[in-house]
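In what follows, residues are counted from 1 in the order of the sequence shown.
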Amino acid sequence: MRVLGIETSCDETGVAIYDTERGLLADALYSQVAIHAEYGGVVPELASRDHIRKTLPLVDEVLSEAGLTKKDIDAVAYTSGPGLLGALIAGATMARSIAYGLGVPSLGVHHMEGHLMAPLLSDEPPDYPFVALLVSGGHTQLIRADAFGDYQLLGESLDDAAGEAFDKTAKLLGLAYPGGPQVARLAEAGDPNRFSFPRPMVKHPGLDFSFSGLKTHVGTCIRDLKTGASLTDQDKADVARCFEEAVVDTLVIKCKRALKQEGVKTLVMAGGVSANKRLRERLQNLLGKLGANVIYPAPELCTDNGAMIAYAGALRLIAGENDGDAPEVRARWPITELSPPSVLA
């Protein structure tokens, strides 16, 4: 089965083709960074309009790359939530129209299940069960996966997600949008020992996260540095490094705790923040010493992309799932509401 995957949950338009026999055939991504940069964040209306402009040209691009025509597509998968409602509607409308025109089934896919499945596109996919850290601009979650579709939420952020904290810290430092990668690059020149930033909730039992207080602490630190003087480049680098260290330490401590609690030896990491170099190194070093495996997707599959939607959609489509008479998009959609496909259950 050849599945066309379309991802439009936020500010990136992703389109891909996945073949259940041959694997990923083509993948294309368009980022809206230039559009939203002057506003310092995503403008939902602009995001929706740009998805409408870019999706169909990207469909043509991946078909050409794969050496296929529209008639070779057997099904269409698209992101139906969670995400920006207007952006989801734009993608779902185009995806379902393509499927209707071709006379093939369509299926709405959970965005976070897509991220969860992205590492399984690697040459050495993990075996179940595993613990997954889904960490992005909108989500920070620890999930136990016992099978495809069989998920248990172990912990999540009670306020700001890790990626959101990176972006807000970037704004405090006067960095350009998107802020997360900018903070990580600036941190390379920083002193990790200059400031003592808190590791939120690591002394609390359980696996929940909270990064809002850390962001506030960073803001206070910057305000104190500005008293009587302007912020130097080294000041900014030191703040960025100490902030990054605090986030990474917090995520690593919680991941270690989750693996021990669940008696699992494999950690799967996905989402935009999973591309962070320091986080990958720290998890690899610490968990490797404990005999645990850390698996994450290729860098290009960390951010939102069509490949993860095509793959997750394919797993459900081959099990017989497809859109009902009244499919819906959902801005909020807990991943625990999913269940394994009946054929796989």
Side-chain angles (χ1 to χ4, degrees), residues 3 5-20 22-31 62 65 77 79 82-83 109-145 147-149 151 161-163 166 178 180-181 184 247-248 251-252 255 258-259 264-285 287-288 292-316 335 338:
V3 179
I6 296 176
E7 154 61 24
T8 63
S9 65
C10 191
D11 61 342
E12 290 166 316
T13 309
V15 179
I17 299 174
Y18 180 81
D19 188 312
T20 53
R22 298 166 55 197
L24 185 63
L25 302 183
D27 183 25
L29 183 69
Y30 173 79
S31 172
V62 295
E65 181 182 341
T79 303
V109 173
H110 194 289
H111 177 73
M112 298 311 293
E113 182 169 59
H115 275 304
L116 190 63
M117 291 297 106
L120 277 71
L121 285 165
S122 66
D123 293 333
E124 298 181 0
D127 294 324
Y128 295 102
F130 57 78
V131 168
L133 172 65
L134 302 182
V135 56
S136 66
H139 298 82
T140 303
Q141 297 178 325
L142 281 166
I143 293 172
R144 179 187 172 106
F148 175 63
Y151 312 127
F166 265 96
V247 173
V248 168
L251 293 173
V252 170
C255 286
L259 290 175
V264 173
K265 289 292 186 179
T266 300
L267 176 76
V268 166
M269 185 168 62
V273 181
S274 69
N276 182 277
K277 178 182 176 181
R278 208 172 307 281
L279 176 59
R280 289 189 175 207
E281 290 177 348
R282 198 75 57 80
L283 281 171
Q284 200 78 49
N285 290 338
L287 300 185
N293 297 317
V294 183
I295 299 173
Y296 35 74
E300 63 270 17
L301 297 181
C302 289
T303 58
D304 296 346
N305 62 85
M308 67 184 193
I309 300 303
Y311 178 61
L315 294 179
R316 291 189 176 276
I335 194 172
L338 298 178

To the nearest 0.5 Å, what is the distance between [atom1] on [X] and [atom2] on [Y]?
X	Y	atom1	atom2	answer
Leu315	Phe148	CG	CZ	4.5 Å
Leu259	Phe130	CG	CZ	12.0 Å
Met308	His111	CE	NE2	4.5 Å
Leu29	Asn305	CG	CG	7.0 Å
Ser9	Met112	OG	CE	9.5 Å
Tyr151	His110	OH	NE2	9.5 Å

With sequence neighbours left out, write down each residue that passes side chain to side chain donor-acceptor pair (under 3.5 Å) with Asp11, or none if nothing qualifies. Tyr177

Which residues satisfy the side chain to side chain donor-acceptor pair (under 3.5 Å) test with Asn276, sequence neighbours excluded? Glu244

Which pairs of donor and acceptor atoms, one on a side chain in residues 265-274, lie under 3.5 Å apart (sequence neighbours left out)?
unit_1: Lys265; atom_1: NZ; unit_2: Leu290; atom_2: O; d: 3.4
unit_1: Ser274; atom_1: OG; unit_2: Gly271; atom_2: O; d: 2.4

Those residues that, when tested against [X], pass side chain to side chain contact (heavy atoms under 4.5 Å, CB included) (two or more places apart):
X	answer
Ala162	Val135, Thr140, Phe211, Val247
Gln284	Val294, Tyr296
Ala28	Leu58, Glu61, Val62
Val3	Met1, Ala75, Ala77, Ala314, Leu317

Which atom pair, heavy atoms only, marks the closest approach of Ala307 to Ala16? N-CB, 3.4 Å

Looking at every heavy atom in both Ala161 and His139, which two are closest together, and how far apart are they? CB-N, 3.6 Å

With sequence neighbours excluded, residues passing ring pair (Phe, Tyr, Trp, His ring centres under 6.0 Å) with Tyr30: none

Partners of Tyr311 by ring pair (Phe, Tyr, Trp, His ring centres under 6.0 Å), sequence neighbours excluded? Tyr18

Can you pull the salt bridge (Lys or Arg N to Asp or Glu O under 4.0 Å) pairs that have at least one residue in residues 110-132, sequence neighbours excluded? Glu113-Arg316

Going by the salt bridge (Lys or Arg N to Asp or Glu O under 4.0 Å) test, which pairs reach into residues 292-312, not counting sequence neighbours? none

Could you check if a side-chain atom of [X] sits within less than 4.5 angstrom of a side-chain atom of [Y], using non-hydrogen atoms only?
X	Y	value
Leu133	Leu142	yes
Ile309	Ile6	no
Cys302	His115	no

